[in-house]
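Here's the structure, in structure tokens; my notes come after.
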Amino acid sequence: MKRLLTFGFVLAAAVALHAQDVAIYQQQGGSIFDGVSAALKTACGAEGLGVPVGPVLVSSNQAQSTEDLKALEAKGVKYFFAVGTAASTLAAQRPTSSGIYIFVPNPASSGINQRPKWAGVSPYPDPRGVLTYARSSMNLGRLAVLYTKKHNQEVARAFEEAANAEKIPLKLLGVNGPEDLGPVLGRAVKDVDAVLLLLDPLAFSPDTLRFIVSTCTDAKKPVIGFIDSVTSQGAPFAFYPQADDIARTAASAMKLLKTKGDERKIYYPARFVMSVNEASAKALGVPYDASKVVNKY
């Protein structure tokens with residue numbers, strides 16, 4: 001009987017060990033999303049969270065997406081790593097859902113940042129780290145943040161708060177749309193050392209990005225973006241965290257969330273790497289740490 005009881009306890013412990021209440025729910029269509037989902041498996045193990053279920057990809061059919069989430073919950077999933085804006089929006093709408101939304105550029109625009117029992121991991125590196133690096137390693141002491149007001153007002157304020165904390169001069173260059181770029185950027189670029197271009201519609205329109213880069217280059221001022229693609233299109237620099245750093249930050253955030261139960265906080269990966277457009281960077285003569293560079297154009 002004693003042996004049977006011992007066996008029963010061991011079996012129950014094994015079942016509990018292999019049961020997993022965390023799943024990865026991922027948006028389709030991006031190598032960064034795939035990379036984060038893969039890295040989460042290792043990062044969760046390192047945090048003692050076990051290997052999460054998934055990834056389950058967001059369906060193109062919303063009704064199917066709802067059924068997929070219900071099926072995960074029926075299997076005992078209580079927490080989600082929601083990777084991408086579409087996945088985060090759908091998962092956070094579930095009435096009893098909880099988890100970490102990942103790679104949502106501005107969660108305030110959809111209200112995800114106010115959902116109970118949800119925290120986030122930003123695609124931006126820590127703004128304080130970005131600003132101090134620009135000042136100490138690139139000799140860029142006066143900075144501006146360029147963005148569309150409708151999409152990124154809250155993110156711009158986060159950079160403003162970071163600049164105030166680090167005592168770095170920073171201008172917010174909010175525009176209503178591309179039509180405002182000429183007067184707004186044309187005046188401001190003369191009085192700053194560099195322009196930070198947020199993850200914004202301005203950064204994803206080739207014509208608009210070309211105008212921003214040429215205006216700043218004519219003034220001998222670099223543009224610093226936050227996604228690799230801006231450097232391939234002419235911007236001299238981009239700063240961004242890699243998938244492993246995002247995943248480690250997310251796993252740590254999940255551990256805290258499961259402990260505290262409700263923490264509406266946005267976490268920023270501390271480490272970041274760079275992409276460089278070598279011709280643009282050389283023309284401007286801005287120094288930078290080559291050991292941080294992972295892509296060159």
Taking only distance into account, with no hydrogens and no angle test, what donor-acceptor pairs under 3.5 Å do side-chain atoms of residues 276-287 form with protein atoms, sequence neighbours excluded?
residue : atom : partner : partner atom : Å
Asn277  : OD1  : Ala279  : N            : 3.4
Asn277  : OD1  : Ser280  : N            : 3.2
Asn277  : OD1  : Ser280  : OG           : 3.3
Asn277  : ND2  : Thr231  : O            : 2.9
Ser280  : OG   : Gly234  : O            : 2.8

Do any side-chain atoms of residues 177-189 form donor-acceptor pairs under 3.5 angstrom with protein atoms, and if so which ones, sequence neighbours left out?
residue : atom : partner : partner atom : Å
Asp180  : OD2  : Asn176  : N            : 2.9
Asp180  : OD2  : Asn176  : ND2          : 3.4
Arg187  : NH1  : Pro183  : O            : 3.3

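A donor and an acceptor atom, one from each side chain of Asn164 and Glu160, are nowhere located under 3.5 Å apart. Of the N and O atoms on the side chains of Asp34 and Gln26, at least one donor lies less than 3.5 Å from an acceptor on the other residue. In this structure, a donor-acceptor pair under 3.5 Å is present between the side chains of Ser291 and Asp289. Side-chain polar atoms of Tyr297 and Asp228 form a donor-acceptor pair below 3.5 angstrom.
A distance-only check finds a donor-acceptor pair linking the side chain of Arg264 to the backbone of Gln114 [under 3.5 Å]. Judged by distance alone, the side chain of Ser137 and the main-chain N or O of Tyr288 form no donor-acceptor pair under 3.5 Å. Counting only distance, with no hydrogens or angles, the side chain of Ser88 and the backbone of Ala82 share a donor-acceptor pair below 3.5 Å. Ser59 contributes a side-chain N or O that, together with a main-chain N or O of Asn61, makes up a donor-acceptor pair within less than 3.5 Å. A donor-acceptor pair under 3.5 Å links the side-chain atoms of Thr217 to the main chain of Val213, judged by distance alone. A donor-acceptor pair under 3.5 Å links the side-chain atoms of Ser214 to the main chain of Phe211, judged by distance alone. Judged by distance alone, the side chain of Asn106 and the main-chain N or O of Val155 form no donor-acceptor pair under 3.5 Å. Ser275 places no side-chain N or O within donor-acceptor distance of the main-chain N or O of Ala238, the cut-off being under 3.5 Å. A distance-only check finds no donor-acceptor pair linking the side chain of Glu166 to the backbone of Thr132 [under 3.5 Å]. The main-chain N or O of Thr249 is never found under 3.5 Å from a side-chain atom of Ser252 such that the two would form a donor-acceptor pair.
Hydrophobic clustering places Tyr147 together with Phe204 (ILVMFWY residues linked when any side-chain heavy atoms are closer than 4.5 Å, directly or through intermediates). Using a 4.5 Å cut-off between side-chain heavy atoms of Ile, Leu, Val, Met, Phe, Trp and Tyr, with links allowed through other members, Leu131 and Phe226 fall into the same hydrophobic cluster. A continuous path of hydrophobic side-chain contacts links Tyr101 to Leu72 [ILVMFWY only; heavy atoms under 4.5 Å]. Both Phe103 and Ile24 belong to a single network of hydrophobic side chains, linked directly or stepwise wherever heavy atoms of I, L, V, M, F, W or Y lie under 4.5 Å apart. When hydrophobic clusters are built by joining Ile, Leu, Val, Met, Phe, Trp and Tyr residues whose side-chain heavy atoms come closer than 4.5 Å, directly or via intermediates, Ile266 is grouped together with Leu196.
Atoms OH and NZ, on Tyr79 and Lys258 in that order, are 6.0 Å from each other to the nearest 0.5 Å. Distance check: Thr148 OG1 to Leu202 CG gives 3.5 Å after rounding to the nearest 0.5 Å. Residue Leu199 holds its CG atom at 12.5 Å from NE2 of His151, rounded to the nearest 0.5 Å. Atom OG1 of Thr215 and atom CZ of Arg210 lie 12.0 Å apart (nearest 0.5 Å). Atom CD of Glu154 sits about 7.0 Å away from atom OG of Ser109, to the nearest 0.5 Å. With rounding to the nearest 0.5 angstrom, the CG atom of Leu198 is 12.5 Å from the CD1 atom of Ile227.
In this structure, the side chains of Val83 and Leu40 come closer than 4.5 Å at one or more pairs of heavy atoms. Counting heavy atoms from C-beta on, the side chains of Val58 and Tyr25 come closer than 4.5 Å. Looking at Trp118 and Ser97, their side chains come closer than 4.5 Å, going by heavy atoms from C-beta outward. The side-chain heavy atoms of Lys70 and Arg94, taken from C-beta on, include a pair separated by under 4.5 Å. Residues Val223 and Pro236 meet the side-chain proximity criterion, which asks for heavy atoms closer than 4.5 Å. Within the 4.5 Å cutoff, side-chain heavy atoms of Thr85 are placed close to those of Pro105. Using a 4.5 Å heavy-atom threshold, the side chains of Pro241 and Pro125 count as touching.
Taking each heavy atom of Gln27 and Ala87 in turn, the nearest pair found is N-CB, 3.7 Å. The two atoms that bring Cys44 and Gly50 nearest to each other are CB-O, 3.2 Å, heavy atoms only. Contact detail for Pro222 and Asp193: the closest heavy-atom pair is CD-O, 3.1 Å.
Under a cut-off of 6.0 angstrom, the local environment of CD in Gln62 is sparse, with at most 12 non-hydrogen atoms contributed by other residues, nucleotides or ligands.
Here side-chain hydrogen bond (donor to acceptor under 3.5 Å, both in side chains) pairs that include residues 42-57, with residues two or more places apart or in two chains, number zero. Legend: salt bridge (Lys or Arg N to Asp or Glu O under 4.0 Å) pairs involving residues 215-224, not counting sequence neighbours: none detected. Among residue pairs with one or both ends in residues 247-274, those qualifying as ring-ring contact (aromatic ring centres under 6.0 Å, His included) are Tyr133-Phe272, Phe239-Phe272; sequence neighbours excluded.
As a member of the Ile/Leu/Val/Met/Phe/Trp/Tyr network built from side-chain separations under 4.5 Å, Val294 groups with Tyr240, Val273.
Across Val130, Ile168, Val195, a single residue satisfies side-chain contact (heavy atoms from CB on, under 4.5 Å) together with Leu143, and that is Ile168.
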